[in-house]
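Note that ligands are numbered from 1 as they come in the structure, with each ligand's atoms numbered from 1 the same way. We number each residue from 1, following the sequence as shown. All values below were derived from every heavy atom in this structure, side-chain atoms included, with hydrogens, water molecules and symmetry-related copies excluded.
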Amino acid sequence: MCGIVGYVGPKKAAPILLDGLRRLEYRGYDSAGLAVHDGREIEVVRAAGKLENLANALEQRPLCGSTGLGHTRWATHGRPSEQNAHPHAAGDVAVVHNGIIENYLELKHELQASGVRFASDTDTEIVAHLIHRALEQGAPNLFGAMRQALGRLRGAYALAAISRREPDRLVIAKNASPLVVGVGEGETLCGSDIPALLGSTRNMLFLEDGEMAELTASGVRIETVEGKPVERAPRRIDWSAVQAEKGGYKHFMLKEIFEQPRAVEDTLRGRINLDEGDVVEAELGLDAQAARSIERVVLVACGTSHHAALVGRYWIEQLARVAAHTELASEVRYRDPVFGPKDLVVAVSQSGETADTLAAVKAAREGGARVLAIANVLDSAIPRASHGSLYTHAGPEIGVASTKCFTTQLVALLLLAVHLGRRRGALDAERGREILQALLELPNELRWTLARKADIHQVARHWHNAPHMLFLGRGLGYPIALEGALKLKEISYSHAEGYAAGEMKHGPIALIDENMPVVVVMPRDRQYEKTLSNLQEVRARDGQVIAVVTEGDAEAKKLAQWVLELPKMPELTQPVAAVVPLQLLAYYIADLKGTDVDQPRNLAKTVTVE
Ligand code: F6R
């Protein structure tokens, strides 16, 4: 999510760090900063907004010195601002961080109780204070102090730190967030991603989870957090800068599809209390009294986010036992909608800036409703206009067609449904626990599904020239069918329609003949038998069926010409996995047709116009 660069060597660090950050700029960020050791002190310069602002600040306050850290921030804790930008300093130490510290509140309270005053709202500053405290309490050096601090952290991190007392080294550590070391001629670098280092070296090694390292101009020393030495030789990375940005994938969209297990993990991180079968979510601001007073939930959104809202509606009705509706924000804003104080309005938006959704939020607030935002961009307009927010932690999404933002919106909506269900007394701890356990299993189920990409590619090869494609689904599968059709039309420009399978006989069945490919989303769920009959209706009219089914579905295999499998998994979380083959199908078809997958014609990532 955030970008990290570190340098130690004979050259002036600041220009190298800034160059590294520029090479990470494509990923998006909201603020940036550098910390450089000038031989006596650590100087920190930070700026909100674009790197240009940081470059201007550096002109005013040039940083001398040849050991330093740089960072571009994508906010997760604390709004985007100069004060929250990294590096964060405490005592003699400066730290940059990528990831999410799960137990940051607990640690923050502990540090505050011992007299620490915080200068930012970030989880990262806690790490700086923990390292500083370890040094004060006798840790032998920065490496030892980092090790002690790591012992207190739960969560995902790529960390890099420098200390005033040790001007010639960086200390880094990794758990669940990537960290790369670049080994140059008489200089050593680190970065969150390969592109950050390509201006200096192509000799790189990758830290593994649970490892830490000390970087000096003459090289790198790696140990596990437990203190076991690790030998690892650098290897040469021959990727071009453009390949490196995409992590070796052909397009950002493909990279983002494959990032979904990680994005889901990050969105769940720190939010699940299995003992209580409950969701820990302070930002929502919904206590039991507020939750019980809700008589109607209205989900407002556009496009892909609207499809996530449609799934959310099922979950909220089922788990929280409250009437739930969805509205296209672009429609509701032009009606004369009736909202009232007993309504909970949930605005779903990956960008958090969509003009239509923002207008719907304003209309809901004018009517006296309580508004919650589900967004991927911290402190964007929609969360700012809402009473509470639940952020997805998908990280920056560059492909215009949304993929990982959609799956993490689903995860956030299921968390919200459990949260509401528990507060309203509609869901007991046991069932809450079962659902949360199902959510925790999702990343592996997504990996399982992604590993079957060859089957999906085969279908794409067969059908990429089809002018039309129909997508059918029932229940939780219906919004997934809509999303599959939207993905296909957005990026391949093929005509696609999503339909509720039960609506087939009311019209679309007239389209079916031997030239019509029909994707049927039919994992094993309570609707299965009915959807199977729809499949039979299509086959009886010579339609060509691509069935998205649960592993081992012999019946569907007999009937459908192509079968794309999902793992055996709980019914409630199936939609999150079921969309993955459809994302890949759209991607492969578009790629075979040679369209501009990442920037499809006529589309924008953030739609701030009506
Ligand atoms: C499609 C897509 C769009 C957005 C829609 C709303 O892949 O991304 O349909 O979902 O423009 O945008 P957000 O979610 O930013 O409100």
Exercise for review: Assess whether side-chain hydrogen bond (donor to acceptor under 3.5 Å, both in side chains) is satisfied between Gln350 and Thr392, documenting all intermediate values.
Suggested key: CA-CA 8 Å; Gln350 52 90 17; Thr392 52; over 6 Å; no
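- Protein heavy atom at the shortest distance from atom 15 (O) of ligand 1 is Ser351 OG, 2.6 Å.
- Considering Thr354, Ile491, Thr403, Val400 only, the shortest heavy-atom separation from atom 12 (O) of ligand 1 involves Thr354.
- A side chain to side chain contact (heavy atoms under 4.5 Å, CB included) with Leu344 is found for exactly one of Val298, Leu420, Val371, namely Leu420.
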Next on the checklist: Could you go through Phe471 and Tyr499, starting from their C-alpha distance and side-chain angles, then the distance that decides it, and tell me whether this counts as ring-ring contact (aromatic ring centres under 6.0 Å, His included)?
Outcome noted: CA-CA 6 Å; Phe471 289 72; Tyr499 256 94; over 10 Å; no
Inset, instruction - Mind running salt bridge (Lys or Arg N to Asp or Glu O under 4.0 Å) on Arg524 and Glu565 for me, showing each step along the way? - result: CA-CA 11 Å; Arg524 281 274 172 197; Glu565 287 191 323; over 6 Å; no
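- Summary of contacts: the protein heavy atom closest to atom 6 (C) of ligand 1 is Cys302 O, 3.4 Å.
- Relative to the ring axis of Tyr588, Arg461 does not place its NZ or CZ within 45° and under 6.0 Å from the centre.
- The protein non-hydrogen atom at the shortest distance from atom 14 (O) of ligand 1 is Ser305 OG, 2.5 Å.
- Residue Thr357 has no N or O atom closer than 3.5 Å to an N or O atom of ligand 1.
- Of the protein's non-hydrogen atoms, the one nearest atom 3 (C) of ligand 1 is Thr304 N, 3.9 Å.
- A cation-pi arrangement is absent between Arg474 and Tyr478, since the terminal nitrogen or guanidinium carbon is not both under 6.0 Å from the aromatic centre and inside a 45° cone about the axis.
- The protein non-hydrogen atom at the shortest distance from atom 11 (O) of ligand 1 is Val607 CG2, 3.9 Å.
- Atom 1 (C) of ligand 1 has its closest protein heavy atom at Glu490 OE2, 2.7 Å.
- With values rounded to the nearest 0.5 angstrom, Tyr587 atom OH is found 8.0 Å from Ile257 atom CD1.
- Those atoms of ligand 1 with a heavy atom of Lys487 less than 4.0 angstrom away are 1 (C), 7 (O).
- Residue Ser402 approaches ligand 1 through these ligand atoms, each under 4.0 Å from one of its heavy atoms: 7 (O), 8 (O).
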*Please report the C-alpha distance between Ser192 and Asn98 in whole Å, then the side-chain angles of each, then the deciding distance to 0.1 Å, and finally whether the side-chain hydrogen bond (donor to acceptor under 3.5 Å, both in side chains) criterion is met.*
CA-CA 8 Å; Ser192 52; Asn98 181 4; 4.8 Å; no
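- When non-hydrogen atoms are compared, ligand 1 lies under 4.0 Å from neither the backbone nor the side chain of His306.
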